[in-house]
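One structure below.
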2 protein chains.
Amino acid sequence: MRNADRQAIRDLPLFADVDEQRFDELLNAAYVQRIPAHVDLIREGEPADFLYVVIEGSVELFSSSHGRDSSMAIVTPISTFILAATIKDAPFLMSARTVAPSKLLLIPSVNIRAVFEADTRFARAIVTELATCYRGVVKSMKNLKLRTAVERVGNYIIRLQDKSGGADVVELPYGKKILASILGMTPENLSRAFGALQSHGIVVDGPSIEIIDRTALEACCKPNPLIDDPRS
Amino acid sequence: MRNADRQAIRDLPLFADVDEQRFDELLNAAYVQRIPAHVDLIREGEPADFLYVVIEGSVELFSSSHGRDSSMAIVTPISTFILAATIKDAPFLMSARTVAPSKLLLIPSVNIRAVFEADTRFARAIVTELATCYRGVVKSMKNLKLRTAVERVGNYIIRLQDKSGGADVVELPYGKKILASILGMTPENLSRAFGALQSHGIVVDGPSIEIIDRTALEACCKPNPLIDDPRS
DNA sequence: CGCGCGGCTTGACAATGATCAAGCATCCAA
DNA sequence: TTGGATGCTTGATCATTGTCAAGCCGCGCG
């Protein structure tokens, strides 16, 4: 493993305070895997044998039930996924597949659980991580239940602009098909929402979106920091 | 505080392994409150000054944004709510109000965080609790995104029957208006879903529901343990 | 006890969003 | 380079769900 990658993982709040020796143990037990795009990593319902860390690329978490599918989230570097299932030694509630060619670190769950039992600082870091994950999903629920499709799309654009340092032109980081599914709508409806928002301060050109009137966009889509602020 | 209440709280996985002296500290710092029905306990966006424990009665967690409201969960005894906000010292993402006359224990968040820092077993119990809460919300998301309204209602009935030990007749534990909102629909649509399910193995009489053909109900609503099993 | 309010049901109608289908553009593999 | 597959857009149509409204019932309060 490259030192830059190792340091990037070390800098994650989850691992930052772990005892150095135990961090070494985790990494020594782990596997680095380079995976092409569109590869299934794990299937919902299967045991969570590894904690996954996305180093490069991106991973889609999705769920299926009786013929229906829905994307739930995209995990980008440097992030972990399936921490809760790992800690609980429980089956995973979502499947995961690579969206782009990806570099992943797979840390065996037994090692994660061992360090969790042995290192108090790790246990506390896991608390913070899980609390953050929990609040993230609660906010997604609120987004779904309290907003129309157009509002969800508009607020996604606003968040993306904020995340891009306020740039006027932002690029969608993944395809519109997945974005639609994450936002809880069909691709057709996403196209229509983009169309509708062109009267409210944006210009859409494929994966590029220019925000020409942020005020109009916010008036239409009504951002709420208790849903949209990634730090809350 | 009555000994039975104290023991019931002590028996919660969250507190079961906490050092006895520290558990005493928590309870000594706490307040018992008897609250009538329909009283707002906390408003979303406010700081989470207390961890709440429902000892009797029930509490509705709900959210509002720009004129729209939605119920998110009902908390029943013996359970806590707003643990994540307490631990993160963050604003609460949902409001809470009593559904029925309730008896609550309010434990100051500063005390919770102090014991979290001092008692490893508490930290670990919090991990398990948060992981469980996180998985619960993920399952709610899947319920919303992967099912129709009728399926959501039908699976709610199935879960209620399982929770009632398989009884043929079950009672809705709270009003249909709140149930509709938790399941992500209007009260009118809930009534219609109950009506539709009368052709699929149930008989509805006010808050009583008789399941006369569980097989037909399951065939219609397609339960999935990765959504519906409360232990997963 | 009576009245008012809220919950719930039901019907009519409207709105939102999904489905189906066709066409275009792009990307990837042979 | 070419062909096929996939993503995306757009339109027509359909289905699900929300809104509005009225009526009934039960509960709580004066």
Side-chain angles (χ1 to χ4, degrees), chain A residues 36-39 60 62 66-71 74 97-101 143-154 156 171-199 202-209 220-221, chain B residues 36-39 60 62 66-71 74 97-101 143-154 156 171-199 202-209 220-221:
Chain A
H38 312 305
V39 172
E60 178 195 3
F62 65 100
H66 296 97
R68 293 197 199 101
D69 299 282
S70 186
S71 302
I74 296 282
R97 64 193 160 206
T98 50
V99 177
N143 199 27
L144 268 186
K145 294 183 88 170
L146 294 171
R147 286 177 168 156
T148 64
V150 170
E151 286 167 343
R152 299 201 287 283
V153 174
Y156 176 81
E171 297 287 321
L172 296 179
Y174 40 85
K176 289 181 181 177
K177 194 175 166 197
I178 293 179
L179 176 60
S181 192
I182 288 175
L183 295 178
M185 67 191 73
T186 60
E188 292 94 335
N189 235 34
L190 179 70
S191 291
R192 293 193 180 94
F194 277 130
L197 288 172
Q198 305 231 63
S199 311
I202 70 167
V203 177
V204 181
D205 177 22
S208 292
I209 302 178
C220 168
C221 303
Chain B
H38 312 305
V39 172
E60 179 196 1
F62 65 99
H66 296 98
R68 292 195 199 106
D69 299 282
S70 186
S71 302
I74 296 282
R97 63 193 160 207
T98 50
V99 175
N143 200 27
L144 269 184
K145 293 184 87 172
L146 294 171
R147 285 178 170 155
T148 64
V150 170
E151 285 166 344
R152 298 201 289 281
V153 174
Y156 176 81
E171 298 286 321
L172 297 179
Y174 39 83
K176 289 181 180 178
K177 195 175 165 193
I178 293 180
L179 175 61
S181 192
I182 288 176
L183 294 179
M185 68 192 71
T186 60
E188 291 94 336
N189 234 33
L190 180 70
S191 292
R192 293 193 181 98
F194 277 131
L197 289 172
Q198 305 230 63
S199 311
I202 70 167
V203 177
V204 181
D205 176 22
S208 292
I209 302 179
C220 167
C221 303

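Just so you know, these numbers come straight off a predicted model, no measurement behind them. So you know, we letter chains A, B, ... as the sequences are listed, proteins then strands, and number each from 1.
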For this session: Report the C-alpha separation of A:R192 and A:V153 in whole Å, then their side-chain angles, then the decisive distance to 0.1 Å, and conclude whether the side-chain contact (heavy atoms from CB on, under 4.5 Å) test is met.
Result: CA-CA 10 Å; A:R192 293 193 180 94; A:V153 174; over 6 Å; no
From CD1 of A:I178 across to P of D:dC8 the rounded distance in Å is 8 Å
Between CG of A:L190 and P of D:dC8 the distance, given in whole Å, is 9 Å
B:R68 CZ to D:dT19 C1', in whole Å, measures 13 Å
Whole-Å distance, B:D69 CG to D:dT19 P, equals 12 Å
| So, is A:K176 close to the D:dG7 phosphate, meaning a side-chain N or O under 4.0 Å from OP1 or OP2? | no
Rounded to the nearest 0.5 Å, the CZ atom of B:R147 sits from the CZ atom of A:R68 at a distance of 9.0 Å
Can you list, pair by pair, the side-chain donor-acceptor contacts under 3.5 Å of residues 171-188 of chain A, counting residues two or more places apart and other chains?
from   : atom 1 : to     : atom 2 : distance (Å)
A:E171 : OE1    : A:S208 : OG     : 3.3
A:E171 : OE2    : A:S208 : OG     : 2.4
A:K176 : NZ     : A:G206 : O      : 3.0
A:S181 : OG     : A:S71  : N      : 2.8
A:T186 : OG1    : A:N189 : N      : 3.1

Output for pair (B:C221 SG, B:R152 CZ), nearest 0.5 Å, gives 11.5 Å
- prompt: So does B:T186 get a side-chain nitrogen or oxygen closer than 4.0 Å to the phosphate oxygens (OP1/OP2) of D:dT17?
  reply: no
So for atom NE2, which belongs to B:H38, do other residues, nucleotides or ligands contribute more than 12 heavy atoms lying within a distance under 6.0 Å? no
Exercise. Evaluate side-chain contact (heavy atoms from CB on, under 4.5 Å) for A:V203 paired with A:Q198, printing each intermediate quantity in order.
Key: CA-CA 6 Å; A:V203 177; A:Q198 305 231 63; 4.2 Å; yes
Atom CG of A:L179 and atom C1' of D:dG7 are separated, to the nearest Å, by 13 Å
A:K177 atom NZ is separated from C:dT26 atom P, nearest whole Å, by 18 Å
In whole angstroms, the gap separating P of D:dG7 from NE2 of A:H38 amounts to 8 Å
Here the distance between atom C1' of C:dG17 and atom CG of B:N189, to the nearest Å, is 14 Å
Which atom pairs link the protein and nucleotides 20-23 of chain D when you take only N or O atoms and keep those under 3.5 Å?
from   : atom 1 : to     : atom 2 : distance (Å)
D:dC20 : N4     : B:E188 : OE2    : 3.0

